[in-house]
Amino acid sequence: MNTTSPISGRILVVEDDRRMADSLVSGLTGYGYQVSLARTGEEAFFLVHSTQPDLVLLDLTLPKRGGLEILAQIRAEQLPTRVLILTSHNSVDDRVTGLNSGADDYLGKPFSFPELLARVASLLRRLPAPPRSASLQIADIHIDTKAHLVSRSGTPIDLTPREYDLLLYLLEHRNQAVSREMLAKDVWRETSRFTPIDNVIDVQMARLRRKIDDPFTTKLLLTLRGVGFILREPEQ
Amino acid sequence: MKFLRPTNIRSRLAIWFVAILSTILLLYISAVFVFQYVLLQRQIFHDEIQDVETVEGLLYFDQHGSLQLEQGYHTHQQSRLLEDRLMEVRDLAGNVLYRTDTLKGATLGGTALPDEGIHSYNERSTTLADGTRVLLISHIHPVQGKPVLIRLGYSMAPLHDRMLYFFFLLLVATPIALVAAGFISYSVSRRALRPLVSMASRAEQITASNLHDRIVVENPDDELGHMGRVLNHLLERLQQAFAQLQRFTADAAHELRTPLASIRSTGELTLQQDRPNASYREAISGMLEETTRLNRTIDGLLLLSKAEAVQCDSEPTSFFLTELVHEILVLLEVLVEERQITVLEEYENAPHEPLVADRSLMRVALLNVLHNAVKFSPDRSVLRIVYGSIEREGHIFHHISIHDSGPGIAPGEHLRVFERFFTSAVHQATAFRGSGLGLSIARLIIDRNGGRINFEENVVNGAKCCIELPISTKKSKTA
C-alpha cells in the first residue's frame with residue numbers, strides 16, 4: 001500500500017472519539033509514524049511530557065480539559081512540538097482563534113485522509129520546504145521548473161498554466177492520493193468550502209490526462225473513486 | 001416608598017394628572033387672588049373719591065364756627081350706624097376741624113403731606129394707632145369760602161376678611177376637586193388601557209405550538225389597536241419563519257439521511273457475503289462519494305446560516321461587478337472550453353460605480369448562478385451575459401442577466417428553484433444533481449445585499465437569470 005519512504009516522527013493523537021482515534025492511529029501508523037493516543041486532556045498532558053512528540057494532532061472539544069488549554073500549556077512551556085488542530089467547528093473565527101493561540105495548522109472535520117497526511121508530512125519536515133529543484137521527474141515525465149517546460153519520453157507537452165500547476169502539485173505529492181478539496185484549496189486557491197468546482201477539477205484533470213497519459217501506454221495519473229487522484233510511479 | 005412609585009401605568013397617569021392639575025390650579029388661584037386684591041383696592045379708591053365728592057357738599061360751619069356734616073339726608077336715622085367711613089377734616093394749618101366717630105378719636109394719616117389733596121387724591125394706605133390698615137385719600141375743598149383738607153378712608157379689615165374667607169373656601173374645595181380628578185383619571189385610563197391587559201394575557205398564552213393564535217384587536221384605529229396589529233404582524237412573520245424553519249429542518253434531515261441510508265445499505269450489502277477485493281473497493285468508493293455529498297450539504301447549510309447572519313458583522317468591500325464575473329469565468333473557463341460554449345458579454349449603459357458588498361459571499365452567489373448556467377448549457381451553445389442598469393424607486397441598480405440555452409425552467413418553477421433542496425420534477429437528470437442549495441444561497445446573499453434575483457418567465461429558449469444589485473451611496477472602505 002505505502003510506497004512513500006516512511007518519515008520518522010512521533011505523533012500524539014489527542015481525540016476522544018474512539019472510532020476517529022482508532023482510524024487516525026492505524027492510518028498514521030501505516031505510513032510509518034510512531035503514534036500514541038490520548039483520549040482526555042489529562043492524558044494528553046502526561047503524554048506530551050513523557051513521549052515528547054514531534055507533532056500533536058489536537059481535537060479541540062475534549063472532556064475535562066479543552067484542546068485550547070493543552071495548546072496554551074504547550075506554548076507556555078515552549079515545547080518544540082508542532083500542533084495541528086482537528087475540529088468540527090469550521091468557521092473562520094474558530095480557525096483564527098486556533099491559529100492565534102499558537103497552533104501550526106488547522107484542519108476541519110471531516111477532512112480527507114490524504115490531506116491530513118500531506119499536512120502532517122509538511123509539519124514534520126520542520127524546516128521550511130526545500131527549494132524546488134530545477135527539475136522534477138516521475139517515470140518518464142520530466143518538468144523543468146525554471147522554464148516551466150514539461151516533456152514525456154522526450155516529447156515536449158504543451159500545458160496551460162493551470163495544467164502546469166496541477167501537474168506540479170501532483171508531482172510534489174507523487175504516490176500520494178490528493179483529494180478534490182486539496183486541489184481546490186492549493187491549486188485553485190478557493191477559500192470558501194462551498195464552491196462547486198468539483199467538475200471544474202474533473203474536467204481539468206481529464207484534459208491533463210489527455211495530454212500526459214493518453215498518447216502513452218503507461219498510465220500514471222489515476223483516479224481513485226471517492227478519494228481523488230494520484231500520480232503514481234508504475235510498479236515494475 | 002413603593003406606594004409612591006406605583007408600577008402600573010394607570011396609577012402613574014392618575015398621579016401625573018393630579019400633580020399637573022394641582023400645579024396649574026395653584027398658579028391660577030394665586031394669579032386670581034392677586035388680580036382680585038388689586039381690583040378691589042382700586043374699587044375702594046374709586047368709591048372713596050365718589051364719597052369725598054358727595055361728602056364735601058354736606059360740610060358746613062355752624063353758628064359756633066365748628067365744622068359739621070349735614071345729617072338731614074338720612075331718611076332713616078338708623079342708616080347712620082351702617083356708615084363705616086373714616087373721615088377727618090383739617091384746616092390748612094393742620095388743626096382738626098371734624099372727625100367721624102368711627103375713628104374713635106385717633107388721627108387719620110398723621111401730619112399733612114406737601115401739597116396734599118391739591119393736584120391728586122394722594123391714594124395711599126396707612127395704619128391707624130390701633131393697627132387697622134386703612135386705604136386713604138385726601139382732597140382740598142373750600143367750605144363756605146374757607147379751604148379745608150378732607151381725608152377719607154376705609155378700613156381694609158372687611159376686604160382682608162373676605163379674601164381670607166375666599167382662601168379657606170378654596171383650601172377646602174381644591175383638594176376635593178383634585179381627589180375627584182385623580183379618581184376619574186385613574187378610572188378613565190384604566191378603561192383606556194383595558195385592551196392592553198387583554199392583549200398581554202393573550203400574548204402570554206402564545207407559544208411555539210400555537211403561533212397561529214392572534215391578539216384580539218378591539219379598535220383597530222387607535223394606538224392600542226395599532227400596537228395589536230403590529231404584534232399580530234410580528235406573530236405572523238414569526239409563524240412563517242417558524243414554519244419555514246421546520247420545513248427546512250425536515251428537508252435538511254431528509255437530505256442528510258439519503259446519503260446516510262445509501263452508505264449504510266452499501267456497507268450492509270457488501271458485508272453480507274465474501275466478495276472479490278474489487279467489489280469491496282467499489283463499495284467503499286461509493287460510500288466515500290456519498291460522504292462527499294453529505295459534506296457538501298453540510299457546508300451549504302453552514303454557508304446559508306452565515307449568509308443569514310451577514311447583516312450585522314460582514315465587512316463590505318467595494319469592487320467591480322464585471323471584474324468579479326470575469327474572475328468566475330476564468331475559474332469556469334475549462335468547462336466552457338471543453339463544452340465549446342461561447343460566452344458573449346454585452347454592455348448596455350452599465351453603471352461605472354463599484355459594488356459594495358461582502359466580496360467572498362457575492363462571489364459564491366454569482367459562481368453558483370454562472371456555474372448552473374454553464375452546467376445546463378448544451379455543447380456548442382451560446383451563453384449571453386448582459387450588464388446594464390435599472391432604476392427602481394429612485395435608486396439605480398446594477399442589472400446583470402445570464403441567459404443560457406439549456407433546457408430552461410419548467411413552468412411554475414421559476415420561484416421554486418430558489419427553495420432550499422428544490423429539485424425539479426421535470427428535469428430528472430441526475431447528472432445535474434447538486435446539493436440543491438446553490439440557488440438558495442445565491443438568493444439569500446443577494447437579498448441580504450439589498451438586491452434581487454429571479455428567472456425571467458417569458459424566455460423562449462434556455463433560462464435567463466436576472467440579478468439586480470444596488471449601487472451603494474454609502475461610503476465604505478475600498479478593497
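Letters A, B, ... are given to chains in the order of the sequence lines, protein chains preceding strands, and every chain is numbered from 1.
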Value rounded to 0.5 Å, distance of CD in B:Glu337 from OG1 in A:Thr160:
8.0 Å
Under 4.5 Å from any heavy atom of chain B - which part of A:Arg189:
neither
B:Arg384, CZ: over 12 other non-hydrogen atoms inside 6.0 angstrom:
no
So for atom CZ, which belongs to B:Arg281, do other residues, nucleotides or ligands contribute more than 12 heavy atoms lying within a distance under 6.0 Å?
no
Presence of salt bridge, B:Glu333 and A:Arg162, under 4.0 angstrom:
no
Working to the nearest 0.5 Å, report the span between CD1 of A:Ile201 and CG of B:Leu335.
10.5 Å
How many angstroms lie between atom CD of B:Glu338 and atom CZ of A:Arg210, to the nearest 0.5 angstrom?
4.0 Å
Which atoms of B:Ile298 are under 4.5 Å from chain A, going by heavy atoms: the side chain, the backbone, both sets, or neither?
neither
As an exercise, state the distance from CG of A:Asn199 to NE2 of B:His371, rounded to the nearest 0.5 Å.
3.5 Å
CG of B:Leu367 to CD of A:Glu190, rounded to nearest 0.5 Å, is 7.0 Å
Do you know which of B:Ile284, B:Val334, B:Val364 has the most heavy-atom pairs under 4.5 Å to chain A?
B:Val334
A quick test of your reading: do over 12 heavy atoms of other residues, nucleotides or ligands sit less than 6.0 Å from CG of B:Asp274?
no
Neighbour count >12 (heavy atoms, 6.0 Å) for atom CG, B:Asp379
yes
Region of B:Glu290 in contact with chain A, defined by heavy-atom distances below 4.5 Å:
neither
With a 4.5 angstrom heavy-atom cut-off, could you sort out which part of B:Arg363 is near chain A: side chain, backbone, both or neither?
side chain
Assess whether atom CZ of A:Arg225 is packed by more than 12 heavy atoms of other residues, nucleotides or ligands within 6.0 Å.
yes
Are any of the side-chain heavy atoms of A:Asp198 and B:Arg296 separated by less than 4.5 Å?
yes
Taking every non-hydrogen atom, the tightest pair across A:Gly226 and B:Leu288
O-CB, 3.2 Å
